[in-house]
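Handing you a structure now.
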Amino acid sequence: MKIIRAEVKDLPLIVDMKMSMFREVGSITMLQDHAEALIEQTYASLYREDKCCHFIAYDENMRAVACGGAVIKSDVPFCFFKAPSYGYVMDVYCVPDQRRNGYGSKIMEAILHWLKEKGVHNVKLKPSGTGRILYEKLGFQDSGEMEAWI
């Protein structure tokens with residue numbers, strides 16, 4: 001297993017895995033037309049600002065099998081706090097035939113390390129049903145935040 005920090009040139013791979021994740025969880029229909037291009041452009045801009053990064057896991061054959069990333073946010077109301085930014089974990093995905101091999105844990109370890117280096121103290125994410133166990137093992141707790149689609 002090899003974990004590397006993604007660069008802008010790796011964004012097509014990140015976007016491809018993100019789209020696989022959206023298909024798998026059933027939310028692909030919620031995306032805008034041409035979402036792939038929009039995602040890649042947005043991530044490239046955030047990479048240049050050093051507010052976003054992704055990590056890619058490769059198996060022993062150097063096949064990309066997992067990815068995950070984070071973005072540093074400082075939106076309302078958090079921008080008013082003494083620690084005005086937080087990390088948001090996103091795009092954690094592993095190809096189905098490679099799950100339960102530790103890729104997600106290693107990706108999360110790299111993400112959390114990057115966020116700590118950036119001075120982030122609070123980290124949020126929205127887990128999938130299958131990912132919840134991993135995140136709980138890493139110390140994530142339900143924040144009590146509520147959501148409604150209207």
Side-chain angles (χ1 to χ4, degrees), residues 1-58 64-95 99 102-150:
M1 175 185 319
K2 182 176 181 177
I3 308 290
I4 63 128
R5 182 174 171 176
E7 299 175 17
V8 171
K9 68 177 178 59
D10 300 310
L11 285 174
L13 173 62
I14 298 294
V15 172
D16 186 54
M17 287 187 159
K18 181 179 185 82
M19 299 308 286
S20 293
M21 178 186 65
F22 278 132
R23 277 188 287 281
E24 192 171 311
V25 298
S27 58
I28 195 82
T29 59
M30 296 173 64
L31 297 177
Q32 297 178 30
D33 292 338
H34 311 292
E36 294 96 333
L38 179 60
I39 292 165
E40 189 171 333
Q41 291 167 3
T42 302
Y43 285 176
S45 177
L46 289 167
Y47 274 34
R48 285 189 290 277
E49 296 171 20
D50 204 23
K51 291 186 177 182
C52 178
C53 83
H54 286 85
F55 294 89
I56 305 168
Y58 292 89
V65 295
C67 72
V71 63
I72 298 173
K73 298 176 132 191
S74 57
D75 49 11
V76 175
F78 303 98
C79 61
F80 305 125
F81 295 175
K82 288 181 181 177
S85 59
Y86 63 96
Y88 191 85
V89 174
M90 59 192 184
D91 306 336
V92 178
Y93 179 77
C94 185
V95 296
R99 293 182 182 158
Y103 293 111
S105 295
K106 290 293 185 186
I107 291 278
M108 284 299 298
E109 183 180 300
I111 290 168
L112 294 174
H113 179 76
W114 180 78
L115 288 169
K116 283 181 191 175
E117 284 183 337
K118 292 294 186 184
V120 170
H121 301 289
N122 182 262
V123 182
K124 302 173 183 291
L125 56 78
K126 186 169 184 169
S128 66
T130 57
R132 183 173 292 276
I133 294 167
L134 167 64
Y135 303 127
E136 288 174 348
K137 286 180 183 176
L138 294 170
F140 284 84
Q141 301 172 6
D142 190 329
S143 67
E145 188 173 274
M146 298 177 77
E147 175 180 273
W149 289 86
I150 56 173

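Note that the coordinates shown come from a computational prediction; the quantities given were computed from them, not determined experimentally. Keep in mind that the numbers below use all heavy atoms, side chains included, and drop hydrogens, waters and symmetry copies.
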For residues Ile3 and Glu109, determine if any side-chain heavy atom of one lies less than 4.5 Å from a side-chain heavy atom of the other.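 A side-chain contact under 4.5 Å is absent here.
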
Please identify each residue that fulfils side-chain hydrogen bond (donor to acceptor under 3.5 Å, both in side chains) with Tyr135, with sequence neighbours left out.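 side-chain hydrogen bond (donor to acceptor under 3.5 Å, both in side chains) list for Tyr135, sorted by chain: empty.
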
Report, one line per pair, each donor and acceptor closer than 3.5 Å where one atom sits in a side chain of residues 5-14; sequence neighbours left out.
| residue | atom | partner | partner atom | Å |
| --- | --- | --- | --- | --- |
| Arg5 | NH2 | Asp50 | OD1 | 3.3 |
| Asp10 | OD2 | Glu7 | N | 2.8 |

Name all residues meeting the side-chain contact (heavy atoms from CB on, under 4.5 Å) criterion together with Phe81; count only those two or more places apart in sequence or in a different chain, and write none if there are none.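 Only Phe78 meet the side-chain contact (heavy atoms from CB on, under 4.5 Å) criterion with Phe81.
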
Contact list for residues 15-43, test salt bridge (Lys or Arg N to Asp or Glu O under 4.0 Å), sequence neighbours left out: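 As it turns out, the salt bridge (Lys or Arg N to Asp or Glu O under 4.0 Å) pairs with a partner in residues 15-43, which skip direct neighbours, are Lys18-Asp91, Glu24-Arg99.
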
State the CD1-CD distance between Ile39 and Gln32, to the nearest 0.5 angstrom.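 Spacing of CD1 (Ile39) from CD (Gln32) equals 9.0 Å.
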
Got Glu136 and Pro127 here, is their nearest side-chain heavy-atom distance under 4.5 Å?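 Glu136 does not reach Pro127 side chain to side chain.
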
Please test Phe140 against Leu134 for side-chain contact (heavy atoms from CB on, under 4.5 Å), starting from the C-alpha separation and ending with a verdict. CA-CA 9 Å; Phe140 284 84; Leu134 167 64; over 6 Å; no

With sequence neighbours excluded, what pairs up with His121 under the side-chain hydrogen bond (donor to acceptor under 3.5 Å, both in side chains) test?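 With sequence neighbours excluded, His121 shows a side-chain hydrogen bond (donor to acceptor under 3.5 Å, both in side chains) to no residue whatsoever.
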
Do Ser45 side-chain atoms and Gln41 backbone N/O form a donor-acceptor pair below 3.5 Å?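 Between the backbone of Gln41 and the side chain of Ser45 there is no qualifying donor-acceptor contact (under 3.5 Å).
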
Residue pairs, two or more places apart or on separate chains, that pass ring-ring contact (aromatic ring centres under 6.0 Å, His included) and touch residues 4-44: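 Passing the test, one end in residues 4-44: Tyr43-His54.
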
Using a 4.5 Å cut-off on heavy atoms from C-beta on, say whether the side chain of Ile72 contacts that of Trp114.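 Of all side-chain heavy-atom pairs linking Ile72 with Trp114, at least one is under 4.5 Å.
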
Qualifying residues under side-chain contact (heavy atoms from CB on, under 4.5 Å), relative to Glu147, sequence neighbours excluded: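 side-chain contact (heavy atoms from CB on, under 4.5 Å) check on Glu147 returns Lys126, Trp149.
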
Output all residues satisfying side-chain contact (heavy atoms from CB on, under 4.5 Å) with Ser74, sequence neighbours left out; order by chain, then residue number.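 Testing Ser74 for side-chain contact (heavy atoms from CB on, under 4.5 Å), a comparison that skips the adjacent residues, returns Ser85.
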
List the residues meeting side-chain contact (heavy atoms from CB on, under 4.5 Å) with Gln141, not counting sequence neighbours, and say none if there are none.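 Listed in chain order: nothing, the list is empty.
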
Note, Met1 side chain near Val65 side chain (heavy atom, < 4.5 Å):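 No - every pair of side-chain heavy atoms lies 4.5 Å or more apart.
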
Regarding Glu117 and His113, is there a side-chain donor-to-acceptor distance under 3.5 Å anywhere?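 Indeed, the side chains of Glu117 and His113 share at least one donor-acceptor pair under 3.5 Å.
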
Partner residues of Ser128 under the side-chain hydrogen bond (donor to acceptor under 3.5 Å, both in side chains) criterion, sequence neighbours left out: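 Per chain and number, Ser128 pairs via side-chain hydrogen bond (donor to acceptor under 3.5 Å, both in side chains) with Thr130.
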
Gap separating the OH atom of Tyr47 from the OG1 atom of Thr42, nearest 0.5 angstrom: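 Nearest 0.5 Å value for the OH-OG1 distance: 12.0 Å.
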
Can you establish whether the number of heavy atoms outside Glu145 located under 6.0 Å from its atom CD is more than 12?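 Open: at most 12 neighbouring heavy atoms sit under 6.0 Å from CD of Glu145.
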
